[in-house]
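Down below is the structure, laid out as structure tokens.
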Protein chains: 2
Amino acid sequence: MNIGEVAERSGIPTKTIRYYEDIGFLHPKRNENGYRIFEETELHKLTFIGRARSLGFNIEECRALLALYEDKERGSSDVKKIAQQHVKEIEAKIADLIAMRDTLTHLITACAGDHRPDCPILDNLSNGKGEPR
Amino acid sequence: MNIGEVAERSGIPTKTIRYYEDIGFLHPKRNENGYRIFEETELHKLTFIGRARSLGFNIEECRALLALYEDKERGSSDVKKIAQQHVKEIEAKIADLIAMRDTLTHLITACAGDHRPDCPILDNLSNGKGEPR
DNA sequence: TCTTGACCTTCCAGTGGCTGGAACCCTTAG
DNA sequence: CTAAGGGTTCCAGCCACTGGAAGGTCAAGA
């Protein structure tokens with residue numbers, strides 16, 4: 001399988017696949033003209049990484065998950081730990097974003113949004129007032 | 001005022017302040033030994049940017065907000081538009097993160113997390129099953 | 001006077017995870 | 001023969017900083 005087909009079937013762009021090879025996720029063979037040849041297992045690996053990335057795992061976490069996946073002896077507790085830690089981080093981000101959104105929607109509500117120059121949003125940015133923080 | 005004091009009073013690291021000068025946010029004067037000298041207005045500007053950044057506005061948005069802030073003729077509607085657009089983006093991110101979290105917590109619940117190798121989390125990453133998507 | 005240490009300066013490189021582009025090679029169809 | 005559509009490498013850029021090296025400046029203390 002050439003890189004184009006793998007890209008299509010895995011949903012991961014060719015550029016990214018080459019990058020993943022660079023950082024050691026894959027080691028596709030080459031044929032005599034230098035083209036990468038992918039096996040089904042490599043496609044499978046890529047799909048795995050793609051799903052993990054879409055769940056927000058970073059590259060190093062993907063590496064760890066992949067290693068655990070390929071280690072048939074591992075228990076599931078290691079995986080669970082990684083996932084739980086990741087959920088914590090996601091929840092922290094969600095909390096941050098919600099705080100931002102709430103502050104902003106508050107300010108937006110207070111802002112007339114017309115031709116007049118008074119603007120609680122700018123006032124808040126300027127002097128930190130108009131919104132408890 | 002030297003950069004160190006500005007950093008302390010604004011809560012923005014010196015490195016970042018120099019970077020902000022690089023990208024044209026500030027134009028502090030220099031004294032004869034080459035040190036930057038900051039006025040109160042520059043400190044104020046930095047604090048403004050810091051607050052905008054902490055609300056998740058990116059650099060270009062900060063630039064726009066600053067320009068609007070310094071334009072005494074502007075109406076508040078431009079500011080409101082920027083802020084509303086920004087809230088939309090934040091909400092999209094929140095939705096993404098919540099979807100991730102929900103998928104993950106689902107998988108975590110299903111994962112025994114013990115010495116046994118069965119792991120719904122890895123199964124899902126591997127074959128996309130075990131969780132509606 | 002000398003030294004120490006805390007400042008300050010510039011410049012270069014790295015972060016994460018790609019992504020775009022240039023310049024080139026290979027294969028197949030018309 | 002040519003053109004299109006693969007493939008290859010390598011280098012640069014994105015965002016918003018951040019770290020570090022190498023050096024200049026200044027005030028206080030021995």
Side-chain angles (χ1 to χ4, degrees), chain A residues 1-39 42-43 45-66 86 89-90 93 96-97 100, chain B residues 1-39 42-43 45-66 86 89-90 93 96-97 100:
Chain A
M1 215 174 345
N2 281 349
I3 198 168
E5 189 182 342
V6 180
E8 185 155 356
R9 288 179 59 190
S10 67
I12 296 174
T14 58
K15 280 270 185 189
T16 306
I17 296 173
R18 293 197 194 96
Y19 169 71
Y20 285 168
E21 183 185 0
D22 265 10
I23 61 172
F25 270 163
L26 310 167
H27 309 282
K29 291 183 189 135
R30 305 293 182 115
N31 66 15
E32 63 276 5
N33 64 13
Y35 286 19
R36 290 166 181 83
I37 0 175
F38 294 84
E39 308 293 328
E42 256 128 2
L43 171 59
K45 219 169 182 176
L46 274 170
T47 315
F48 183 103
I49 296 168
R51 277 200 265 265
R53 293 284 301 123
S54 79
L55 284 174
F57 290 102
N58 67 25
I59 293 291
E60 285 316 305
E61 288 163 338
C62 288
R63 213 186 284 280
L65 289 170
L66 209 47
H86 186 50
E89 287 159 20
I90 291 176
K93 277 188 204 164
D96 282 358
L97 288 172
M100 284 182 201
Chain B
M1 216 174 345
N2 281 348
I3 198 168
E5 189 183 340
V6 180
E8 186 156 355
R9 288 178 60 188
S10 68
I12 296 173
T14 58
K15 280 273 185 187
T16 306
I17 296 173
R18 291 196 194 97
Y19 169 71
Y20 285 167
E21 183 184 359
D22 265 9
I23 62 172
F25 270 163
L26 310 168
H27 308 283
K29 290 183 190 137
R30 305 294 181 114
N31 64 16
E32 65 275 6
N33 63 14
Y35 287 18
R36 290 166 181 84
I37 359 175
F38 293 85
E39 308 292 328
E42 256 129 2
L43 172 58
K45 220 170 182 176
L46 274 170
T47 315
F48 183 103
I49 297 168
R51 278 200 263 266
R53 292 286 299 123
S54 80
L55 284 174
F57 291 101
N58 68 23
I59 293 291
E60 284 317 304
E61 287 163 339
C62 289
R63 214 186 284 280
L65 289 170
L66 210 46
H86 186 49
E89 288 160 20
I90 290 175
K93 278 188 205 167
D96 282 356
L97 288 172
M100 284 183 201

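Residue numbers start from 1 in every chain, and the chains themselves are labelled A, B, ... in the order their sequence lines are given, proteins ahead of strands.
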Distance, rounded to the nearest Å, where [X] contributes [atom1] and [N] contributes [atom2]:
{"X": "A:E21", "N": "C:dT19", "atom1": "CD", "atom2": "C1'", "answer": "17 Å"}
{"X": "B:D22", "N": "C:dT9", "atom1": "CG", "atom2": "P", "answer": "12 Å"}
{"X": "A:N33", "N": "D:dG5", "atom1": "CG", "atom2": "P", "answer": "20 Å"}
{"X": "B:E89", "N": "D:dC15", "atom1": "CD", "atom2": "P", "answer": "14 Å"}
{"X": "B:I23", "N": "D:dT18", "atom1": "CD1", "atom2": "P", "answer": "12 Å"}
{"X": "A:M1", "N": "D:dG7", "atom1": "CE", "atom2": "C1'", "answer": "16 Å"}
{"X": "B:E60", "N": "D:dC15", "atom1": "CD", "atom2": "P", "answer": "8 Å"}
{"X": "A:F25", "N": "C:dG16", "atom1": "CZ", "atom2": "C1'", "answer": "12 Å"}

Quiz item: Pick the nucleotide of DNA chain D nearest each of B:R53 and A:F38; which residue has the one closer to the 5' end?
Solution: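 By nearest-heavy-atom nucleotide position, the 5'-most residue is A:F38.
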On DNA chain D, compare the nucleotides closest to B:T16 and A:K15; which residue's is nearer the 5' end?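 Nearest-nucleotide comparison on DNA chain D picks A:K15.
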B:N2 (side chain) donor-acceptor with B:E5 (main chain) under 3.5 angstrom: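 Absent.
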- Under 3.5 Å donor-acceptor, B:H86 side chain and B:L55 backbone: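 Yes, the answer is positive, given that a donor and an acceptor are paired below the 3.5 Å cut-off.
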Requested in this report: Might you point out which heavy atoms bring A:E61 and A:G56 nearest each other, and give the distance in Å?
Outcome: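 Shortest heavy-atom separation between A:E61 and A:G56 comes out as OE1-O, 4.3 Å.
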request  = Work out which heavy atom in A:L43 is nearest to a heavy atom in A:T47; give both atom names and the distance.
outcome  =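 For A:L43 and A:T47, the tightest heavy-atom pair comes out as O-OG1, 2.7 Å.
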Next on the checklist: Between B:E60 and B:R63, does any side-chain N to carboxylate O distance fall below 4.0 Å?
Outcome noted: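 The answer is yes: the pair qualifies as a salt bridge.
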**Prompt:** Would you say A:Y20 reaches C:dG17's phosphate, i.e. side-chain N/O to OP1/OP2 under 4.0 Å?
**Reply:**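 No, no such contact exists.
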> So, is A:N58 near the phosphate of C:dG16, with a side-chain N or O under 4.0 Å from OP1 or OP2?
Replying inline: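 Result: no.
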Between the protein and nucleotides 5-8 of chain C, which nitrogen or oxygen pairs come in under 3.5 angstrom?
| from | atom 1 | to | atom 2 | distance (Å) |
| --- | --- | --- | --- | --- |
| C:dC8 | OP1 | B:G4 | N | 2.7 |

| task | With the side chain counted from C-beta on, respond yes when B:M1 and B:R9 share a heavy-atom pair under 4.5 Å apart, and no when they do not. | result |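 Result yes, sub-4.5 Å side-chain heavy-atom pair found.
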Taking side chain as C-beta onward, heavy atoms only, is B:I59 less than 4.5 Å from B:Y20?
->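 In short, these two side chains touch, coming nearer than 4.5 Å.
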Name the residue closer to the 5' end of DNA chain C, choosing between A:Y19 and B:R30 according to the nucleotide with the nearest heavy atom.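 Its nearest nucleotide being more 5', the pick is B:R30.
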